[in-house]
Number of protein chains: 2
Amino acid sequence: MTREPHSSDEKTSYDGSMSERVASELQHRIILSKIPVGTWLRHDAIAREFGISRTPVREALRIMAARGLVTIEPHRGARVNGQSVQDVLEIGVVRADLEGLAASLAAVHMDDEQAERMTSAWSSFAETLEQTGPREELAEHWIESNELFHSTILEASGNKYLQQAIADLRRKLPHNISFGAYAGSSRLIARNMAEHQMIAEAILAQDALKARDLMNAHIRKSVEATAHWINRKAPNTVR
Amino acid sequence: MTREPHSSDEKTSYDGSMSERVASELQHRIILSKIPVGTWLRHDAIAREFGISRTPVREALRIMAARGLVTIEPHRGARVNGQSVQDVLEIGVVRADLEGLAASLAAVHMDDEQAERMTSAWSSFAETLEQTGPREELAEHWIESNELFHSTILEASGNKYLQQAIADLRRKLPHNISFGAYAGSSRLIARNMAEHQMIAEAILAQDALKARDLMNAHIRKSVEATAHWINRKAPNTVR
DNA sequence: TAGACATCAGTTGCATCCAATCAGGTATGG
DNA sequence: CCATACCTGATTGGATGCAACTGATGTCTA
């Protein structure tokens, strides 16, 4: 295959290695559930899609396996991991604890710019919550605001290992899972937002203990809601 | 290279893939600091040492990079990561929190067999602490007992994601770092063991809150001692 | 002598080739 | 008719070859 260094198509000149690039693209798809749980990832198919050889594809799969996204069965291939309800709960317990820690650290370390971002995350969404728009759009906007809120707090914790640990956990749950639980219920979303507000206030007041407890409870509730939704609506969507 | 399937040497017939095997061997060496921080890991040298080609070596390095053990610089190679004192402290905060969580979960879930193992971890060591043996041996025995104590609690937490998260963190600190802080001071070791005993009692009494707080403080102290030791004794051993 | 530039050895990144292994289907014997 | 052995296509695992990139050394010039 002849390279064209000047071409602007996606496969040339990116992050250095092809394997990293393929890994993050596939990871993206898995998290968004564009690739369903249990799918076999074939070297050849992926290689052909990306217009590369199988070598970097194999490296990408190893990376994803190390990140816990897929499991490699020797001589059989790589398969997308799924989580049972039990897994969702176990991950939730750990995540609640860590995000609680992040909130307590953020209460001490957050600067003005971050405070501004955190506040705007829920206030801008609160506006659209009042206007009655289409469901789909609402949920999408919510997920975005939610993401911004949590990631800002995480950033304000100032601890990169904490950030990474939480990122690792989040990677293990395909996003649309928790998305599904909330998309259908604006009451859940409203409660969720109210909790965000209280957490934000605790952080701004530099009340580390309160911020921690509120955040912990917040995540736990969210996880429970998710688990409940999975049980009720789609018991076999996952795994 | 001709393969000899019947031979019992280490490279044939193990865990399926060569890359996994190479990755764990190198990881082992890095954690034990047999390979110093900052070392470039060369494909060719590793391949020759293991008697394999560069392909599985490259995969192993990708795995290690995903685990945070090395950093791959495009077109330059993989280099062993080190941690500054700041990193040690940041990791310590997260680890203290997670191990605290593990202790509180263990207080609820621990079964008799695990309780037995946990207790024997420090009691068997307490005996040798009284006999005045050679320093080196003492420290080695201590590290073993310490390992057993913590891993048993972790196991008793019954949460595999928690276990994995802590394992990920521990991997990031070459072991001999915290080892060094303690090896020289039997007073530190004694205090450490006393704390273990208190934690064990809280767990056995099913006092989750107390177990959590004690464990959290325990790890924090240990991390501080380590950080202090690095600053005092060997400020440029790490990074 | 200092700095810019060409060259070169060493190394990585990717493609291609071959061997090893697995799953599923088919033939064969009981 | 069922069970077992075997054969075959599909797929992964690993080896090798070659191009591209990096850093360093040496050379030329002002």
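Note on naming: letters A, B, ... go to the chains in the order of the sequence lines (proteins, then strands), and numbering restarts at 1 for each one.
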Charged N to carboxylate O under 4.0 angstrom, [X] versus [Y]?
X        : Y        : result
B/Asp168 : B/Lys172 : no
A/Arg220 : A/Glu224 : no
A/Glu155 : A/Arg117 : yes
B/Arg29  : B/Glu49  : yes
A/Arg170 : A/Glu147 : yes

Nucleotide [N], atom [atom2] - distance to [atom1] of [X] in whole Å:
X       : N      : atom1 : atom2 : answer
A/Glu20 : C/dC14 : CD    : C1'   : 16 Å
A/Trp40 : C/dA23 : CH2   : C1'   : 11 Å
B/Met18 : C/dT21 : CE    : C1'   : 17 Å
B/Arg42 : C/dA9  : CZ    : P     : 17 Å
A/Asp44 : D/dG13 : CG    : C1'   : 14 Å
A/Ile46 : D/dT12 : CD1   : C1'   : 13 Å
B/Glu73 : C/dT11 : CD    : P     : 15 Å
A/Glu59 : D/dT12 : CD    : P     : 15 Å

B/Lys160 backbone acceptor or donor facing A/Glu90 side chain under 3.5 Å: yes
Exceeds 12 heavy-atom contacts within 6.0 angstrom, atom CG of B/Asp111: yes
Touch class at under 4.0 angstrom, heavy-atom based, for A/Leu61 against every strand present: nothing
Among [options], which nucleotide has an atom closest to any side-chain atom of [X]?
X       : options                : answer
A/Pro56 : C/dT11, D/dT16, C/dA15 : C/dA15
A/Ile52 : C/dA15, D/dG14, C/dG13 : C/dA15
A/His43 : D/dT12, C/dA15, C/dT12 : D/dT12

Short side-chain N/O contact from A/Arg58 to OP1 or OP2 of D/dT12, under 4.0 Å: no
side-chain N/O B/Thr55 vs D/dG14 OP1/OP2, d < 4.0 Å: no
Under-3.5 Å N/O pairs linking protein and nucleotides 22-25 of chain D:
from: D/dG23; atom 1: OP1; to: B/Arg76; atom 2: NE; distance (Å): 3.3
from: D/dG23; atom 1: OP1; to: B/Arg76; atom 2: NH1; distance (Å): 3.4

Any donor-acceptor N/O pair under 3.5 Å between D/dG13 base and A/Arg54 side chain: yes
